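Right, one structure below, let's go through it.
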Amino acid sequence: MTARFSATPYLFLAPALALIGIFVIYPILAVVYFSFTEWDIVRPPVWVGIQNYQQLVADPTFWKALTNSIVYLLVTPTIIALSVGLAIIVNRKLRGVSIFRALYFVPAVSGSIAIGIAWRWLFDRNGFINSVLISIGALKTPIQWLSEPSLVLPIAMLLTIWAGIGYYSVIFVAGLQNIPEELYDAAQIDGCNSLQKHWHVSLPGLRPQIVFVSVISSLAALKVFDEIYVLTNRTGGILDSGVTVVFYLWKEAFVLEHAGYAAAIAMVLLVLTLAFSIVNVRFLERGQERV
Amino acid sequence: MEKAEAIPARGVPRFRALSTRRLATASVWYALLILIALVTVFPFAWILLTSIKGPTDLLFSTPPQLLPHDPTFENYGHVLDALPIPKFFVNSIAASSATTIFNVLVASMAAYPLAKLRFRGREAIFYLLLATLIVPAQLTYIPSYLLARTFNYYDSLPAIILPSLASAFNIFLMRQAFRGVPNELIDAARVDGAREWRIWLQIAMPLVRPTLATVAIFTFVTSWNDFLWPSLMLPTPDNKTLPVGLAALLSFFSSDFRSVAAGVTMTVVPILIFFVVLQRQFVRGLGGALKG
């Protein structure tokens with residue numbers, strides 16, 4: 001309203017901008033620089049040009065990590081399908097259903113390290129899963145689930161899915177409750193059975209929630225670390241079978257102290273995240289056009 | 001008329017048939033709900049049962065032994081001897097509380113002018129913040145690590161509190177909430193001569209209390225469970241938070257799983273209590289995240 005300059009808005013913003021400048025923007029610029037250096041964090045970095053990137057392209061572990069991270073994105077469609085299903089189940093007006101909703105939420109608040117340990121114990125050689133499989137006769141000798149290269153990543157993904165469903169289904173329940181009852185009535189008049197009603201009414205109605213969950217769960221999947229760390233006991237699994245981009249970044253930077261090389265891995269993570277964000281935004285825009 | 005008489009005669013058995021059918025459908029739904037609950041809760045139950053198993057109880061047997069024959073709390077004593085869990089707990093409380101309080105403060109201060117004031121550069125700042133949302137935190141770890149070492153706050157709680165205060169996501173949630181505050185109220189206060197700071201604190205803040213609660217709860221839980229960054233920043237055992245301290249139990253895995261289970265139980269129970277107490281706010285906050 002007044003044309004007079006006021007410092008007030010900037011003062012309100014100052015703490016946030018200072019923190020974001022120091023802890024987000026400076027680190028991004030610094031990582032770009034470090035990715036062109038050889039550096040062990042302790043001694044000053046030495047400029048080496050694109051050497052790290054050349055090394056990265058020729059590094060089989062890096063390709064393994066990149067492949068694993070992309071495979072990990074399969075958790076997103078699975079989580080969406082299962083948590084929409086669960087939301088439809090717990091959205092029924094049944095007595096005591098809120099207790100069940102709370103129980104389903106438990107893995108989401110318990111913390112990835114605690115649930116990772118719980119799962120490692122289940123899948124241990126001497127764990128519950130082997131014990132049950134042997135006693136029903138499905139197995140003769142125990143399987144070393146987490147030492148089996150082809151099983152590490154699927155088990156970690158299963159863990160992520162298991163921990164996420166209760167959390168994301170809360171978002172879908174809220175979405176379902178926003179869908180007007182009349183739409184379901186209209187579908188019924190058109191002769192839809194209850195499954196068809198959900199297909200034709202619930203799914204389109206949940207579109208904003210589906211887009212939101214697909215964005216946050218795919219960004220989370222690209223950053224997976226804790227599950228791998230616990231399930232593989234910090235090793236990344238035999239033959240790097242469970243190594244993801246963030247796990248490899250961590251290992252190179254903080255275990256092997258190849259910080260310059262790790263910075264190059266971080267740049268790949270940034271490009272990957274940007275690419276996914278663009279895909280997600282496109283998807284969002286296309287959805288809005290259709291509605 | 002004929003019809004009206006016919007209804008009670010046929011209606012009674014029909015009503016009964018319907019209600020048995022209803023009962024049957026309800027029990028199918030409950031069976032499904034219980035089955036899913038078993039899947040989500042069983043790993044925790046198994047940990048809890050393992051943590052109270054005595055030395056003569058089998059950890060591995062076929063079929064698995066569910067209940068301990070010889071229940072004991074000794075394992076809790078073992079893990080408390082091996083690790084300073086009360087200390088981890090205090091560190092976690094301190095770090096998560098400070099992170100939450102400062103996050104709410106910083107985010108609601110930054111969000112207010114973005115929602116309610118007009119000034120040069122507002123759009124530019126807004127889009128800058130939007131862009132930082134997609135940057136993975138892991139990307140910043142190497143330079144942030146260097147900062148912590150250079151400025152000597154490495155191996156202390158500020159090292160994990162400070163970087164987490166730069167949360168564009170919380171600013172967005174708060175901005176959405178402030179946009180819902182009626183302009184008339186703010187203008188009226190201005191006419192009365194109130195300063196912008198007072199309007200923010202005394203008029204706008206009380207009206208966005210539900211969003212403040214959401215931001216606070218989710219910031220607290222995220223901070224409580226945060227692992228990777230604290231594990232890099234807190235090498236000294238006495239400075240560790242619960243998840244970082246818990247990860248130290250991984251090396252006990254094969255030798256003494258009863259103690260590992262006791263450690264996990266002790267760390268999960270506090271956050272579960274927190275969740276049970278604030279359950280409604282969790283659900284409302286998460287459900288409302290997309291509105292506004």
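Chain letters run A, B, ... following the sequence lines, proteins first and then strands; every chain starts at 1. Not measured: the values here are computed from a predicted model.
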Relative to each other, are the rings of [X] and [Y] parallel, tilted or perpendicular (30° and 60° limits)?
| X | Y | answer |
| --- | --- | --- |
| B:W46 | A:W121 | parallel |
| B:F275 | A:F105 | parallel |
| A:F12 | B:W197 | parallel |
| A:Y167 | B:F218 | perpendicular |

Which atom of [X] lies closest to which atom of [Y], heavy atoms considered:
| X | Y | answer |
| --- | --- | --- |
| A:K223 | B:P136 | CD-CB, 3.6 Å |
| B:P163 | A:F23 | CA-CG, 3.7 Å |
| A:F128 | B:P64 | CE1-CG, 3.7 Å |
| A:Y26 | B:L146 | OH-CD2, 4.2 Å |
| A:R234 | B:A247 | NH2-O, 3.1 Å |
| B:I142 | A:A259 | CD1-O, 3.9 Å |

Who wins among [options] for the most heavy-atom pairs under 4.5 Å with chain B?
| options | answer |
| --- | --- |
| A:S98, A:P107, A:S277 | A:P107 |
| A:I115, A:N233, A:D226, A:T8 | A:D226 |
| A:V173, A:V109, A:V215 | A:V109 |
| A:A102, A:A30, A:A18 | A:A102 |
| A:F254, A:Y33, A:F172 | A:F254 |
| A:L219, A:D124, A:L103, A:I265 | A:L103 |

Pick one of side chain, backbone, both or neither for [X], based on which atoms fall under 4.5 Å of a heavy atom in chain B.
| X | result |
| --- | --- |
| A:R95 | both |
| A:L249 | side chain |
| A:A253 | side chain |
| A:L86 | side chain |
| A:S110 | both |
| A:V24 | both |
| A:Y104 | both |
| A:L133 | neither |
| A:Y10 | side chain |
| A:L17 | side chain |

Roughly how far, to the nearest 0.5 Å, is [atom2] of [Y] from [atom1] of [X]?
| X | Y | atom1 | atom2 | answer |
| --- | --- | --- | --- | --- |
| A:I25 | B:T132 | CD1 | OG1 | 7.0 Å |
| B:L246 | A:I117 | CG | CD1 | 4.0 Å |
| A:I113 | B:T241 | CD1 | OG1 | 9.5 Å |

Which bit of [X] is near chain A, if near means a heavy-atom gap under 4.5 Å: side chain, backbone, both or neither?
| X | answer |
| --- | --- |
| B:Q138 | both |
| B:F274 | neither |
| B:T222 | neither |
| B:I134 | both |
| B:L133 | neither |
| B:L242 | neither |
| B:R195 | neither |
| B:F119 | both |
| B:V260 | side chain |
| B:L165 | both |
| B:Y141 | both |
| B:L105 | neither |
| B:F220 | neither |

Under a 4.5 Å cutoff for heavy-atom pairs, which residue among [options] has the most contacts with chain A?
| options | value |
| --- | --- |
| B:R149, B:K116, B:R120 | B:R120 |
| B:Y30, B:W29, B:F44, B:Y145 | B:W29 |
| B:I171, B:L147, B:L32 | B:L147 |
| B:I47, B:L139, B:L66 | B:L139 |

Any non-hydrogen side-chain atom of [X] less than 4.5 Å from a side-chain atom of [Y]?
| X | Y | answer |
| --- | --- | --- |
| B:L129 | A:I20 | yes |
| A:V170 | B:F282 | no |
| A:F100 | B:I36 | no |
| B:L114 | A:L13 | yes |
| B:M109 | A:P15 | yes |
| A:V90 | B:L33 | yes |
| A:V31 | B:T140 | no |
| B:L232 | A:W250 | yes |

### Query
Just by distance, do the side chain of B:N225 and the backbone of A:S112 share a donor-acceptor pair under 3.5 Å?
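Pair absent, no side-chain N/O of B:N225 close to backbone of A:S112.
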Above 12 or not: heavy atoms from other molecules or residues under 6.0 Å from [atom1] of [X]?
| X | atom1 | value |
| --- | --- | --- |
| B:F42 | CZ | yes |
| B:F102 | CZ | no |
| A:I99 | CD1 | no |

### Task
Could you check A:Y229 against B:L228 for side chain to side chain contact (heavy atoms under 4.5 Å, CB included), going step by step and ending with a plain yes or no?
CA-CA 9 Å; A:Y229 180 93; B:L228 177 50; over 6 Å; no
